[in-house]
2 protein chains.
Amino acid sequence: MGMTLDPLADRAVYKQLSDIVGAAIESGEYQPGTLIPSESMLMARHGVARNTVRLAMGVLRDQGLVVTRHGRGTFVRGGEHDEDHDQPSTSRSRTANSSGLPA
Amino acid sequence: MGMTLDPLADRAVYKQLSDIVGAAIESGEYQPGTLIPSESMLMARHGVARNTVRLAMGVLRDQGLVVTRHGRGTFVRGGEHDEDHDQPSTSRSRTANSSGLPA
DNA sequence: CGCCATTTGTACGTATGTATG
DNA sequence: TCATACATACGTACAAATGGC
């Protein structure tokens, strides 16, 4: 279960990380509407800098797989029950599948 | 024309910078298909870190205003003559107005 | 209410790699 | 070969939001 990062690989580490977390999401390991590990957690677990983690999260965000909230964390998309409280504008004018997962 | 950045403002510096450059693009100061100032230039001109410049460029990229090419620079979108040489996949599955400018 | 821990946001610095011309 | 420009990755620090107490 612990896909490891390879700094020597052709693929950038942050992309490898986004692949890993993204796969974990699609595999159901991280359920829709729930929080994925915090940046600190991911840093510790994978031995990378925060920057790298944030870049990876950025990829997942662009893919519409997750949504990040200041002070709260990063949630797996698709929690239609909406653990949202208010928020001025949830959508971000992205291609992003507002329904949640792509397939 | 020299809109200055205000580190004390409510709006994040990188967002202020994206506003400035974005406005310069829409005002025609930076013509479609041409290069905008390099990261080094923007750093020097505005007195900010490279990271900040890159964040600003990221905003413009998300807005579909510019396109960045490794080793080349960041171009104002709308150069339909296509200064492209080959490239595996130009689009990035973004909302991005493939035609160029939003309006 | 204030206090505090956690978490993301912003901004800086440095180094090295890769692409282009 | 070389200079320029962007890409990746590490580090630090402080701000702001959140939520439990």
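Treat the numbers as computed from the prediction; the structure is a model and nothing was measured. First the proteins, then the strands, lettered A, B, ... as listed; each starts at 1. The basis for the numbers below is simple: all heavy atoms, side chains too, and nothing from hydrogens, waters or symmetry mates.
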Beyond-backbone contact of Val48(A) with Val53(A), side-chain heavy atoms, under 4.5 angstrom: yes
Neighbours of DNA chain C within residues 36-43 of chain A, by heavy-atom distance under 4.0 Å: Ser38(A), Glu39(A)
Qualifying salt bridge (charged side-chain N to carboxylate O under 4.0 Å, His left out) pairs, either residue in residues 39-59 of chain A, two or more places apart: Glu39(A)-Arg50(A), Glu39(A)-Arg54(A)
Test item: Leu65(A) and Val76(A) side chains (from C-beta on) under 4.5 Å apart, heavy atoms: no
Euclidean distance, atom CG of residue Leu35(B) to atom P of dT4(D) [Å, nearest integer]: 15 Å
Heavy-atom pair with the smallest gap, counting every atom of Gly64(B) and Arg77(B): O-CD, 3.3 Å
Asp6(B)/Arg11(B) ion pair, N-O < 4.0 Å: no
Min side-chain heavy-atom separation Arg61(B)-Thr68(B) under 4.5 Å: yes
For DNA chain D, the residues among residues 6-15 of chain A that have a non-hydrogen atom under 4.0 Å from it: Ala12(A), Val13(A), Tyr14(A), Lys15(A)
Sub-4.5 Å side-chain heavy-atom contact between Pro37(B) and Tyr30(B): yes
Interatomic distance, Arg69(A) CZ vs dT8(C) C1' [rounded to whole Å]: 13 Å
Distance below 4.0 Å between Arg72(B) side-chain N/O and dG21(C) OP1 or OP2: yes
Thr74(A) side chain reached by Leu60(A) side chain, heavy atoms, under 4.5 Å: no
Inter-residue atom distance Leu55(B).CG - Leu17(B).CG, 0.5 Å rounding: 9.5 Å
For Ala49(A), all residues meeting side-chain contact (heavy atoms from CB on, under 4.5 Å), sequence neighbours excluded: Thr52(A)
Arg54(A) vs dT8(C): side-chain N/O to OP1/OP2 distance below 4.0 Å: no
Leu5(A) CG - dA9(D) P separation (whole Å): 9 Å
Between protein and nucleotides 14-18 of chain C, what N or O pairs are separated by less than 3.5 Å?
residue	atom	partner	partner atom	Å
dG17(C)	N2	His70(B)	NE2	3.3
dT18(C)	O2	His70(B)	NE2	2.7

Most 5' of Gly47(B) and Gly73(A) on DNA chain C, judged by nearest nucleotide: Gly73(A)
Partner residues of Asp10(A) under the side-chain contact (heavy atoms from CB on, under 4.5 Å) criterion, sequence neighbours left out: none
